[in-house]
J.: 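Input: one structure, supplied below.
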Amino acid sequence: MFGTEFVSMYPWETDELAETHGGQPGVVNEDGTEPGPISILAMSGGDEVGRITEWWGFDGRRGGTAATHLRGSCSCGWRGTTLYRVDWDEVHKDHPYMYSTSGPEADWKAHVAGVEAKLVPLPDDVAELLDKLTDRVSELADHEPLAALRAANLVQRHTQIYASCAARDVQRDTTLLAAAGVALGCSTTQVKSRLRKYTGYL
């Protein structure tokens, strides 16, 4: 219906902040407002079967007035202040991802860089070990997939245990709990959800 290529809701991601800071080009109307998702209705009955949130869906062909500008946007709620006028005549209807959205993306990257700068720092030796482990397991996945799965299972098991202990300590310490959002790069609500997950609570 909208081309054969899959387009992620958040095409801009970083490894660590993918769950909390996914980015995409956001659309803005001429009056400065941000349109909501576009409903996709069934051919019979008019029931909603889905929603379009990708910027290329707001070209006016699916109802309403076409958005006039793009800006950087993030799943955390951040919106870029710089607006970039979109030329719909240059947007290929089957391959909209070929249209340059480098301006909004650069603004989102600057936003994420600010978030990353406030993350709790890892000890150098831990960061180095994590990099080495990631690279090594990646090599195993290419050549020895069963060994890679066993390694991933062991890492997951041990980290779950340590994360559970650390999460309980954070929950007990009001000072740590108050600082956890910025330190981990997520909102207060997301922190509480993550801590519950780590401690095994639903």
Side-chain angles (χ1 to χ4, degrees), residues 4-26 53-55 72-80 97-98 100-202:
T4 57
E5 296 290 334
F6 171 77
V7 180
S8 170
M9 180 177 178
Y10 295 113
W12 308 328
E13 294 181 345
T14 66
D15 288 341
E16 184 173 2
L17 300 177
E19 293 182 4
T20 55
H21 291 277
Q24 67 174 343
T53 58
E54 290 83 358
W55 68 270
S73 71
C74 186
S75 59
C76 72
W78 170 88
R79 296 294 184 268
Y97 47 84
M98 296 179 66
S100 175
T101 57
S102 58
E105 183 176 7
D107 294 340
W108 171 80
K109 286 182 177 179
H111 157 67
V112 171
V115 174
E116 291 175 332
K118 298 176 183 178
L119 296 177
V120 60
L122 291 177
D124 290 342
D125 60 330
V126 173
E128 184 178 351
L129 285 170
L130 287 172
D131 286 340
K132 288 182 177 179
L133 180 60
T134 299
D135 290 343
R136 187 68 183 98
V137 175
S138 177
E139 292 175 1
L140 286 176
D142 290 335
H143 306 290
E144 299 179 62
L146 292 179
L149 288 174
R150 183 183 178 192
N153 182 59
L154 287 170
V155 170
Q156 183 178 41
R157 173 61 181 164
H158 288 299
T159 53
Q160 283 178 338
I161 294 172
Y162 304 141
S164 178
C165 294
R168 287 191 172 91
D169 288 343
V170 171
Q171 288 175 325
R172 297 189 189 104
D173 189 321
T174 56
T175 301
L176 287 177
L177 187 58
V182 173
L184 299 178
C186 52
S187 69
T188 301
T189 300
Q190 290 168 331
V191 164
K192 291 180 179 178
S193 176
R194 185 175 297 184
L195 293 176
R196 286 195 298 270
K197 180 180 69 174
Y198 287 152
T199 55
Y201 298 137
L202 299 178

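All residue numbers refer to positions in the sequence shown, counting from 1. What you see below is based on every heavy atom in this structure, not just the backbone, and it leaves out hydrogens, waters and symmetry mates.
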J.: Are the side chain of Ser193 and the backbone N or O of Thr189 linked by a donor-acceptor pair below 3.5 Å?
T.: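 Side chain of Ser193 to backbone of Thr189, a donor-acceptor pair under 3.5 Å: no, none is there.
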J.: Quick check: are there more than 12 heavy atoms from other residues, nucleotides or ligands sitting under 6.0 Å from CD of Glu16?
T.: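 Not buried by this count: 12 neighbours or fewer within 6.0 Å.
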J.: State, with a plain yes or no, whether a side-chain heavy atom of Val112 is found less than 4.5 Å away from one of Glu116.
T.: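 In short, these two side chains touch, coming nearer than 4.5 Å.
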J.: Side chain of His21, backbone of Gly185: donor and acceptor closer than 3.5 Å?
T.: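 Indeed, once roles are kept as given, a pair shorter than 3.5 Å links the two residues.
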J.: CG of Leu177 to NZ of Lys192: how many Å apart, nearest 0.5 Å?
T.: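 With rounding to 0.5 Å, CG (Leu177) is 7.0 Å from NZ (Lys192).
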J.: Locate the shortest heavy-atom distance separating Gln190 from Ser187; write the atom from each residue and the value.
T.: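 The pair with the smallest heavy-atom distance is OE1-N, 2.9 Å.
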J.: To the closest 0.5 Å, what do you measure between CG (Leu140) and CG (Asp135)?
T.: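 Taking CG in Leu140 and CG in Asp135, the distance rounds to 11.5 Å.
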J.: To the nearest 0.5 Å, tell me how far Thr20 OG1 sits from Glu13 CD.
T.: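 Atom-to-atom, Thr20:OG1 and Glu13:CD are 10.0 Å apart.
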J.: Can you measure from CG (Leu176) to CG (Leu195) and round to the nearest 0.5 angstrom?
T.: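 Going from CG on Leu176 over to CG on Leu195, the span is 10.5 Å.
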J.: Kindly give the heavy-atom pair with the smallest separation between Pro25 and Pro11, and that separation in Å.
T.: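 Here Pro25 and Pro11 meet closest at CD-CG, 4.5 Å.
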J.: Quick check: closest heavy atoms across Gly181 and Val191, and the distance to 0.1 Å?
T.: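 Minimum heavy-atom separation between Gly181 and Val191: CA-CG2, 3.4 Å.
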J.: Once rounded to the nearest 0.5 Å, what's the spacing between atom CZ of Arg136 and atom CG of Asp131?
T.: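 Spacing of CZ (Arg136) from CG (Asp131) equals 15.5 Å.
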J.: Give the ring-plane orientation class for Trp108 versus Trp12, where under 30° counts as parallel, over 60° as perpendicular and anything between as tilted.
T.: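 Trp108 vs Trp12 ring planes: tilted.
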J.: Between Thr101 (side chain only) and Pro104 (backbone N and O only), is there a donor and an acceptor less than 3.5 Å apart?
T.: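 Flag not set: sc Thr101 to bb Pro104 has no pair under 3.5 Å.
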J.: Would you say CG of Asp142 has more than 12 non-hydrogen atoms from neighbouring residues, nucleotides or ligands within 6.0 angstrom?
T.: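 Atom CG in Asp142 is crowded, with more than 12 foreign heavy atoms closer than 6.0 Å.
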J.: If you round to the nearest 0.5 Å, how far is CZ of Arg79 from NE2 of His111?
T.: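 Separation between the atoms: 9.5 Å.
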J.: Does a salt bridge link Asp169 with Arg172, judged by any charged N lying under 4.0 Å from a carboxylate O?
T.: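 Counted as a salt bridge, because a side-chain N and a carboxylate O are separated by less than 4.0 Å.
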J.: Any chance the side chains of Ser102 and Ser100 put a donor and an acceptor closer than 3.5 Å?
T.: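 Ser100 and Ser102 do have a side-chain donor-acceptor pair below 3.5 Å.
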